[in-house]
Undergrad: 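Below is the structure I would like to discuss, written out as structure tokens.
Reckoned from all heavy atoms, side chains included, excluding hydrogens, waters and symmetry mates.
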Amino acid sequence: MDTTADNNNLSLSGNLWNIAACDEYKTEQMCRQLGISPHLAALLTQRGITPETADAFLNPKLSTLMPDPYVLKDMEKAAERIAEAVIKHQKIGIIGDYDVDGATSTSVLRLFLTYLGIETAVHIPEREEGYGPSTLAFQEFADFGADLVITVDCGTTAFSVLNDAAGKFEIIVLDHHEAEVLLPKVYAVVNPKRLDEDNGHPDLGYMAAVGVVFMTVVAVNRLLRQKGFYTDKLPEPDLKQWLDLVALGTVCDVVTLRGLNRAFVTQGLKIIASRRNLGLKTLADSANINEKPDAYHLGFVLGPRINAGGRVGKAYTGSRLLCSTNPLEAQHLAEELNTFNQERKDIECFVLEQSIEMLEGSPQDWPMAFVYNTGWHQGVIGIVAGKLKERYNLPAFVMSIEADEVKGSARSIPGVDLGALIIAAKEKGVLTKGGGHTMAAGFSLTEEQIPAFRDFAGEYIARSLNNVKPHPVLNIDLSLNLAAANKELYDEISRLKPFGTGNPEPLLLLRNVYFRYARIIGTGHIKCELTTLSGAKLSAIAFRAVDTESGNAILSRQHDCYDVVGNLRLNQWNNTATLQFVITDIKKSALNNSLCATGQISA
């Protein structure tokens, strides 16, 4: 990460542009062996794909990318116990999390067990109850008469609650969060991030919890088949029918879309397009999704609505919708989630504005955004942390002070491992509990611990960043002339889908273009046309660009030449698809100097 660039190297948005180097030998080799264009070959090479691995990347299939589930520690033990519960018709309790990964994990397991005729009780905690297993959940399961309890998307570090409950229940943990050296003293812990895991499949460590649950379902289903459980009256289920939920949870948990995860999402999107899950179909209709869904719709349209129940409404709403078989109930639940989502947006805006005022109203001692207040809604602090991270390009911590404890959420930037920071803070005694991933974490502490935690986190981040505030970097995949940004290139780029963490949508650099016919549309967007001296043209849009440096340039600098970075997409409107460039950033082109010197444009 370059942290010392002078302002002349920065874009109008203050970003450094890092153009990917092209390995011409590998690109040419890829072109020759696969019969593809240099652009697609370059994009594959940049992602570490070789001619030998290209087919698995471009055509991801579960049959080739998913290993035997038993490669995960405790998986065989867990699968045998669940299969035993099914055969004996025992009742099973399920504890989930209140986010999309938790809702989908819970739903996949519940739908599978319900098909098998097993009674289940699901407990998804409200945010006020706190993350993970609780005494309240086990009280409910005791009243229900559960023989077995399965935690999904939680439980790996819930030592106190699970160790206490293990005396009364057999407990299986299906999780993907960072683990510690010790594990809860339960029947089985299936988690690819266990520190003693060494399964030879590193991509399993990228799985969301719903991926771990699906692998468990595959293992249990195989055991039941081997034991002769399925009959003509109860045929073996088609497990692929639940890949829509696996895809949804995988995308929304922002895990790396490589290896098995790529197959989950690719195949899951096909199931979503078939609209087999009543709840998802109803939610998509209520959100006016009319085109074929892709990862964008999962992450930015459906996911936020399901998340809204756990953020500002009723945490179980999303899971209930995903398991619903009643059209009237599904419609009611979808409308509830839409209402919760709008409420979430309003609350989020309020907390974000207050956070910015705090950060910009006083000097900050450490290279981080660290804010807290009484009464902030716990359901939006994670989103606000993400927006502060984007605004300041620094790790962000947002905390809500409650009557009994302070609950916080954090988001990070490359170079700062939040999961490790939180574990170290707990060991230091400046947090009461917490956990998470490299880029995101949740935690709790007392109000008295806030100063000590602030200093601990600040010192940790300063060391990680070598005491230098980094410039945000845009990693650009291809540098092109405007004429090359055509439908053929769009089709080639589309072969790399699904896009997400670990496989971002390619950023393109178009050099030496002019802005024509610029106008404001919608709520702060700028529509324009990109042109060149040679006559090439392309429609373009800059979202939320009004009153920004870039937006002002687009609207006013009609005679200046710019380099433009963004994505090539299809704009769907009135059943017509047209090519469009979505502008991310701009910078004055070096061509301006030469044109000024020749008198072709004025300075």
Side-chain angles (χ1 to χ4, degrees), residues 1-7 9-18 254 345 347-373 376-377 380-400 406-422 425 436-443 450-451 453-475 501 504 507 524 542-552 565 584-587:
M1 179 183 294
D2 185 355
T3 61
T4 60
D6 62 62
N7 290 335
N9 291 327
L10 300 179
S11 70
L12 291 191
S13 299
N15 298 313
L16 282 170
W17 289 4
N18 176 42
V254 202
K345 290 179 181 178
I347 297 171
E348 171 196 324
C349 183
F350 171 76
V351 175
L352 179 61
E353 288 177 354
Q354 284 200 329
S355 299
I356 292 171
E357 287 178 5
M358 291 177 179
L359 291 167
E360 297 183 359
S362 60
Q364 302 299 309
D365 296 328
W366 301 107
M368 62 182 181
F370 191 97
V371 290
Y372 53 92
N373 204 352
W376 280 353
H377 200 295
V380 303
I381 58 177
I383 303 176
V384 172
K387 296 201 170 184
L388 293 177
K389 182 263 294 187
E390 294 294 334
R391 182 182 180 93
Y392 300 109
N393 192 47
L394 290 171
F397 299 78
V398 182
M399 287 147 281
S400 173
V406 178
K407 294 185 178 179
S409 189
R411 298 294 183 269
S412 194
I413 62 174
V416 179
D417 186 337
L418 276 184
L421 186 158
I422 295 300
H437 316 298
T438 301
M439 303 301 287
F443 54 91
I450 290 177
F453 176 57
R454 176 174 50 208
D455 290 343
F456 178 88
E459 291 172 359
Y460 186 102
I461 293 167
R463 288 195 305 271
S464 299
L465 298 177
N466 294 319
N467 291 302
V468 178
K469 183 182 184 301
H471 288 291
V473 176
L474 286 184
N475 292 308
T501 304
L507 266 182
F543 290 111
R544 296 174 295 278
V546 171
D547 294 328
T548 67
E549 288 284 340
S550 295
N552 291 337
V565 169
T584 299
D585 201 6
I586 69 174
K587 182 193 294 186

Undergrad: Check the surroundings of atom NZ in Lys389: do more than 12 heavy atoms from other residues, nucleotides or ligands lie under 6.0 Å from it?
TA: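 Yes, enclosed.
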Undergrad: Does some side-chain heavy atom of Ile461 sit less than 4.5 Å from a side-chain heavy atom of Leu421?
TA: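 A side-chain contact exists here, since the closest heavy-atom pair is under 4.5 Å.
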Undergrad: List the steps, then state whether side chain to side chain contact (heavy atoms under 4.5 Å, CB included) holds for Met439 with Val254.
TA: CA-CA 9 Å; Met439 303 301 287; Val254 202; over 6 Å; no
Undergrad: Looking at Pro472 and Asn15, what are the two nearest heavy atoms and their distance?
TA: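 That would be CG-OD1, 3.1 Å.
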Undergrad: Look only at the side chain of Gln364 and the backbone of Ala369, and say whether a donor-acceptor pair between them is shorter than 3.5 Å.
TA: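 It does not hold such a pair.
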Undergrad: Look up atom NZ in Lys345 and atom CD1 in Ile383, then write down how far apart they are to the nearest 0.5 Å.
TA: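 It is 10.5 Å, given to the nearest 0.5 Å.
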Undergrad: Tell me the closest heavy-atom pair linking Gly458 and Pro367, and the distance in Å.
TA: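 Looking at all heavy atoms of both residues, the shortest contact is O-CD, 4.3 Å.
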Undergrad: Which pair of heavy atoms, one from Asp417 and one from Thr438, lies closest together, and at what distance?
TA: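 Answer, listing the atom of Asp417 first, then Thr438: OD1-CA, 3.5 Å.
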Undergrad: Any idea which heavy atoms bring Leu388 and Ala396 closest together, and the distance?
TA: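 The answer is CB-CB, 3.9 Å.
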Undergrad: Measuring from Asn9:CG to Leu16:CG, what's the distance to the nearest 0.5 Å?
TA: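 The CG atom of Asn9 sits 7.0 Å away from the CG atom of Leu16.
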Undergrad: Atom CD in Glu353, atom CE in Met358: separation rounded to 0.5 Å?
TA: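 One finds 12.5 Å between CD of Glu353 and CE of Met358.
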Undergrad: Any chance you could measure Leu474, atom CG, to Lys587, atom NZ, to the nearest 0.5 Å?
TA: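 Between atom CG of Leu474 and atom NZ of Lys587 there are 9.5 Å.
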Undergrad: Can you give each donor-acceptor pair under 3.5 Å made by side-chain atoms of residues 408-415, sequence neighbours left out, with the distance rounded to 0.1 Å?
TA:
| from | atom 1 | to | atom 2 | distance (Å) |
| --- | --- | --- | --- | --- |
| Ser409 | OG | Arg411 | NH1 | 3.0 |
| Ser412 | OG | Val416 | O | 2.7 |

Undergrad: For the pair Leu418 and His437, evaluate side chain to side chain contact (heavy atoms under 4.5 Å, CB included) and give the outcome as yes or no after the intermediate values.
TA: CA-CA 6 Å; Leu418 276 184; His437 316 298; over 6 Å; no
Undergrad: Once side chain to side chain donor-acceptor pair (under 3.5 Å) is applied, do any residues pair with Ser13, and if so which ones, sequence neighbours excluded?
TA: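 Ser13: side chain to side chain donor-acceptor pair (under 3.5 Å) contacts with Ser550, Asp585.
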Undergrad: Walk me through it: do Val371 and Trp376 pass the test side chain to side chain contact (heavy atoms under 4.5 Å, CB included)?
TA: CA-CA 11 Å; Val371 290; Trp376 280 353; 4.0 Å; yes
Undergrad: Do Tyr392 and Glu360 have side-chain heavy atoms sitting under 4.5 Å apart?
TA: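 Result yes, sub-4.5 Å side-chain heavy-atom pair found.
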Undergrad: Of all the heavy-atom pairs spanning Val406 and Met399, show the shortest one and how long it is.
TA: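 Taking Val406 first and Met399 second, the nearest heavy atoms are CG1-CB, 3.6 Å.
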Undergrad: Under the ring pair (Phe, Tyr, Trp, His ring centres under 6.0 Å) rule, collect the residues that match up with His377, sequence neighbours excluded.
TA: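 Applying ring pair (Phe, Tyr, Trp, His ring centres under 6.0 Å) to His377 gives none.
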Undergrad: Quick check: closest heavy atoms across Ser11 and Trp17, and the distance to 0.1 Å?
TA: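 That closest heavy-atom pairing would be CB-NE1, 3.5 Å.
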Undergrad: Output the distance between atom CD1 (Ile356) and atom CG (Leu352), rounded to the nearest 0.5 Å.
TA: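 Atom-to-atom, Ile356:CD1 and Leu352:CG are 4.0 Å apart.
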Undergrad: Using the ring of each side chain (for Trp, its six-membered ring), is Phe397 parallel, tilted or perpendicular to Phe370, with breaks at 30° and 60°?
TA: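 Rings of Phe397 and Phe370: tilted, as their planes differ by 30° to 60°.
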Undergrad: From Leu465 CG over to Leu394 CG, what is the distance, rounded to the nearest 0.5 angstrom?
TA: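 If we round to the nearest 0.5 Å, Leu465:CG and Leu394:CG are 7.5 Å apart.
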